[in-house]
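One structure is given here, and the rest of the page talks about it.
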Amino acid sequence: MIDIKLIIENPEKVQRLLAKKGFDVSFSSLLKLNEERKTILMKVESSKAEQNKLSASVPLLKKEGKDVSGIFKKVKQLSDDNKSDVLKLEKIEKDIYDILVVLPNLPDEDLLPGGKENNKVIHTYGKKPVFAFKAKDHVELCESLGLVDYQRAAKISGSGTWIYTNLGARLEWAILNFFISEHLKDGYEFIIPPHILNYESGLVAGQFPKFEEDVFWLEGISPRKFILPTAETALVNLHRNEILKEEDLPKKYFAYTPCYRKEAGSYRTEERGMIRGYQFNKVEMVQYTTEEGSNAAFEELVQKAAKLVEKLGLHFQISKLAAGDCSHSMARTYDIEVYVPSMDIFKEVSSASNARDYQARRGMIRYKDKSGKTKFCHTLNASGLATSRVFPAILEQCQQEDGSVKIPEALVPFMGGIKVLKPIK
RNA sequence: GGAGAAUUACCCAAGUGGUUGAAGGGGUCGGUCUUGAAAACCGAUAGGGGAUGUAAGUCCCGCUAGAGUUCGAAUCUCUAAUUCUCCGCCA
């Protein structure tokens, strides 16, 4: 949620920043509503004050044996007269909320406007692997190595899904465990959240009301619930409606959950295999920080995500996203993108974002600073990482001429010492 | 899934219609005493949102949430959420 005070004080600035995200908005009606709100609020409150005063005088007068029926009548009259204004006020407040709740977060000043085309690669690690043989894509490799079963997945579930089998399952699990152990080393707290969340959680994360259609809703449960599209949705709601202490910040969490998304429908032929499915595994990091601490936390998250890919020895790059390519709730986003040889492109394995106080305002997530002032936290998140892109990248980047795949050293301890995956046919 | 009970400030907890911005504990902070500590004693400390104002202040809303009854609600009614207990079912 954008602070309405910011809009009132500087509507042009907010307008200009939102334009960078491709949002063309005018605040004239919002500003007008706000003026109306103030006028009516004052009226409503002063009537309330008078009613309170009169009512408060009743006990004393009663004790003195005086007749109070006149006061009853007067207060009733005041209350009745006030009713229409109270309703009007409620309507205006709802209208204001409806306008604010759909606005995306403001992008940081330093971001380029526009979409993907203006993303800038700011760091590249490693080199494109060169193969002296005809390299396979990850779908072929999964098949020949016996790691994934797409056919049976289609049978028991449907399209957009897959089954990790045997060593595939072990590799997937090893990757996740590797991530988990790294985060533990860095002092992040491990969280295993429920996968079924309530509406409020989606709202606070900023997914709702705009993207209600993008998640899976459960039937037969009330109030309605959805399955999380990312662990961020759960983690960022952990401290909803809480006031934290400044000395407890930053709070650093990570969680492993599958992520359930409808976007697999946007399948394109090049996104074969496990590049985009209805369900994928991801370890997610979230930090709650002070206002002052959020830039440093962002750097840390980006570095942490990058470090994971680096330790796997994969070729990857970091992109600074243009304003329009940042998520709805985010002020800035850097993507860590791993190279997928068969597609000859870089695919996102992590999105590190700073929501600043946007989510915190929605969820009333606050902290008391040293002077005792209550402020909104900043929330940040980064995948660390999504396996569904890492897994194919490992297979494709680490494949050898004989059709085997060399397991990255960092993963070997988590693979029970297995160093190479050999073709089974 | 069925039945019952609960939800008050950092924590426990009193409070069943009117000076309740909420008794009493505990905690926390400060002090006395002590070589230091503990104990004891003394004192301080009650959240949050909003309106107005340069400020001090004044006012509105806050006792899980929402709605209602009433001149007036923490207190009565309804709805919901959560927690606990019992029964059922089960990995």
Side-chain angles (χ1 to χ4, degrees), chain A residues 1-9 30-101 192-204 208 218-226 234 237-249 251 357-377:
Chain A
M1 204 84 102
I2 300 174
D3 187 0
I4 189 170
K5 281 186 192 143
L6 186 64
I7 299 175
I8 292 164
E9 279 161 21
L30 181 70
L31 295 175
K32 216 178 117 207
L33 277 171
N34 189 56
E35 283 310 311
E36 273 178 66
R37 186 182 76 93
K38 274 195 197 169
T39 314
I40 297 184
L41 183 64
M42 280 197 271
K43 232 175 121 190
V44 167
E45 284 192 354
S46 63
S47 166
K48 250 329 228 172
E50 201 177 341
Q51 291 174 47
N52 288 343
K53 222 158 137 193
L54 286 170
S55 288
S57 68
V58 167
L60 206 75
L61 291 173
K62 264 189 168 172
K63 231 179 245 173
E64 292 169 2
K66 291 191 176 141
D67 178 33
V68 289
S69 60
I71 291 181
F72 290 177
K73 236 169 118 183
K74 192 157 178 208
V75 176
K76 178 82 177 144
Q77 189 62 47
L78 280 169
S79 160
D80 287 345
D81 292 348
N82 204 23
K83 246 171 208 153
S84 71
D85 282 335
V86 170
L87 290 176
K88 221 186 281 175
L89 182 65
E90 277 171 10
K91 168 89 169 60
I92 289 172
E93 286 180 338
K94 171 143 198 323
D95 288 346
I96 290 175
Y97 176 83
D98 287 345
I99 292 172
L100 289 177
V101 79
I192 301 181
H195 301 179
I196 296 172
L197 303 177
N198 56 25
Y199 184 87
E200 183 78 6
S201 294
L203 185 79
V204 169
F208 306 155
L218 292 179
E219 275 184 33
I221 189 164
S222 168
R224 62 181 171 150
K225 295 191 198 291
F226 65 100
N237 275 280
L238 245 34
H239 296 292
R240 185 162 90 207
N241 294 322
E242 288 182 28
I243 300 176
L244 305 168
K245 290 184 208 138
E246 178 163 3
E247 59 261 36
D248 292 337
L249 298 177
K251 282 199 171 287
D357 62 0
Y358 183 87
Q359 293 174 321
R361 278 180 190 281
R362 292 176 161 242
M364 293 302 273
I365 306 161
R366 292 164 296 172
Y367 69 96
K368 246 193 218 317
D369 73 6
K370 289 184 189 98
S371 67
K373 219 177 135 195
T374 307
K375 291 179 171 171
F376 287 103
C377 288

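In what follows, chains carry the letters A, B, and so on, assigned in the order in which the sequence lines appear, proteins first and then strands, with residues in each chain numbered from 1.
- Checked against B:C59, B:G48, B:C71, the side chain of A:Ala49 finds its nearest nucleotide in B:C59.
- Residue A:Ile71 is out of contact with every strand shown, counting any heavy-atom pair closer than 4.0 Å.
- Here B:A51 presents its C1' atom at 12 Å from CD1 of A:Ile8, a figure rounded to the nearest Å.
- A donor and an acceptor atom sit less than 3.5 Å apart, one in the side chain of A:Glu45 and one in the base of B:G50.
- The same atom, C1', is picked in B:A91 and in B:A81; the two are 26 Å apart, to the nearest Å.
- Taking atom CG of A:Asp248 as the reference point, atom P of B:C10 lies 15 Å away to the nearest angstrom.
- Here the separation of B:C87 from B:U77, taken at their C1' atoms, is 29 Å to the nearest Å.
- With contacts defined as side-chain heavy-atom distances shorter than 4.5 Å, the pair A:Phe376/A:Met364 qualifies.
- When distances are taken from the side chain of A:Met364 to each of B:G50, B:G18, B:G49, the shortest belongs to B:G49.
- A 4.5 Å side-chain heavy-atom check between A:Phe72 and A:Val58 finds at least one atom pair inside the cut-off.
- B:U28 sits 14 Å from B:A9 when the C1' atoms are compared, rounded to a whole Å.
- Residue A:Thr374 places no side-chain N or O under 4.0 Å from the OP1 or OP2 atom of B:G47.
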Side chain to side chain contact (heavy atoms under 4.5 Å, CB included) evaluation trace for A:Thr39 with A:Glu36: CA-CA 5 Å; A:Thr39 314; A:Glu36 273 178 66; 5.6 Å; no

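- Of all nucleotides listed (B:G48, B:G50, B:C71), B:C71 comes nearest to the side chain of A:Lys76.
- Atoms NZ (A:Lys62) and P (B:U19) sit 12 Å apart, rounded to a whole Å.
- A:Ser57 places a side-chain N or O within 3.5 Å of a backbone atom of A:Leu54 that can act as its donor or acceptor partner.
- With distances taken from any side-chain atom of A:Val58 to the nucleotides B:G18, B:C60, B:G49, the minimum falls on B:G18.
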Bracket string, RNA chain B, 5' to 3' - pairs by Watson-Crick or G-U geometry under 3.5 Å, | interstrand: ((((((((.[[[..)..(.....]]]((((((.......))))))..(((((....)))))..[[[[[..)....]]]]])))))))....

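- Distance from the side chain of A:Val75 is smallest for B:C71 among the nucleotides B:U19, B:C71, B:G50.
- Shown here, B:G53 is classed anti by the O4'-C1'-N9-C4 or O4'-C1'-N1-C2 angle, which is more than 90° from 0.
- Between A:Lys368 and A:Glu246, none of the side-chain N atoms (NZ, or NE/NH1/NH2) sits under 4.0 Å from a carboxylate O, so this pair counts as no salt bridge.
- Look at A:Lys48 and you'll find a side-chain N or O under 4.0 angstrom from OP1 or OP2 of B:C61.
- Ion pair A:Lys66/A:Glu64 flagged as a salt bridge, since at least one NZ, NE, NH1 or NH2 atom sits closer than 4.0 Å to an Asp/Glu carboxylate oxygen.
- With RNA chain B read from its 5' end, the first of the two nearest nucleotides for A:Lys53 and A:Lys73 is the one closest to A:Lys53.
- Neither OP1 nor OP2 of B:G72 sits under 4.0 Å from any side-chain N or O of A:Asn52.
- Nucleotides B:G31 and B:C12 place their C1' atoms 26 Å apart, quoted to the nearest Å.
- Between A:Leu100 and A:Ile4, some side-chain heavy-atom pair lies under the 4.5 Å cut-off.
- At the heavy-atom level, A:Ile243 lies under 4.0 Å from the strands shown only through sugar-phosphate atoms.
- Shown here is A:Lys251, whose NZ atom has more than 12 heavy atoms of other residues, nucleotides or ligands within 6.0 Å.
- When heavy atoms are screened at a 4.0 angstrom cut-off, A:Lys38 is found touching the sugar-phosphate backbone but no base atom.
- We find that CG of A:Leu60 is positioned 13 Å from P of B:U20, with the value rounded to whole Å.
- Candidate nucleotides B:G47, B:C71, B:A51 were compared by shortest atom distance to the side chain of A:Lys368, and B:G47 ranks first.
- Ranking B:G48, B:G50, B:G18 by closeness to the A:Phe72 side chain, first place goes to B:G18.
- Contact of the A:Ser201 side chain with the A:Arg240 side chain is registered, since non-hydrogen atoms from C-beta on lie closer than 4.5 Å.
- A close approach under 4.0 Å does occur between a side-chain nitrogen or oxygen of A:Arg37 and OP1 or OP2 of B:A51.
- Nucleotides B:C33 and B:G21 place their C1' atoms 36 Å apart, quoted to the nearest Å.
- One atom, CD of A:Glu93, and another, C1' of B:C60, lie 12 Å apart when rounded to the nearest Å.
- Taking atom CD of A:Glu242 as the reference point, atom C1' of B:U82 lies 15 Å away to the nearest angstrom.
- For B:A46 and B:G25, the C1' atoms lie 15 Å apart once the distance is rounded to whole Å.
- Looking at which nucleotide of RNA chain B each of A:Met42 and A:Pro59 is closest to, the 5′-most match is held by A:Pro59.
- Among the atoms of the strands shown, none is found under 4.0 Å from any heavy atom of A:Ala56.
- The same atom, P, is picked in B:G72 and in B:C61; the two are 11 Å apart, to the nearest Å.
- Between B:U82 and B:U64, the two C1' atoms lie 8 Å apart (nearest whole Å).
- A:Asp95 places a side-chain heavy atom less than 4.5 Å from the side chain of A:Lys91.
- Rounding to whole angstrom units, CG of residue A:Asn82 and C1' of B:C60 are separated by 11 Å.
- Counting to the nearest Å, the C1' atom of B:G72 and the CG atom of A:Leu54 are 11 Å from each other.
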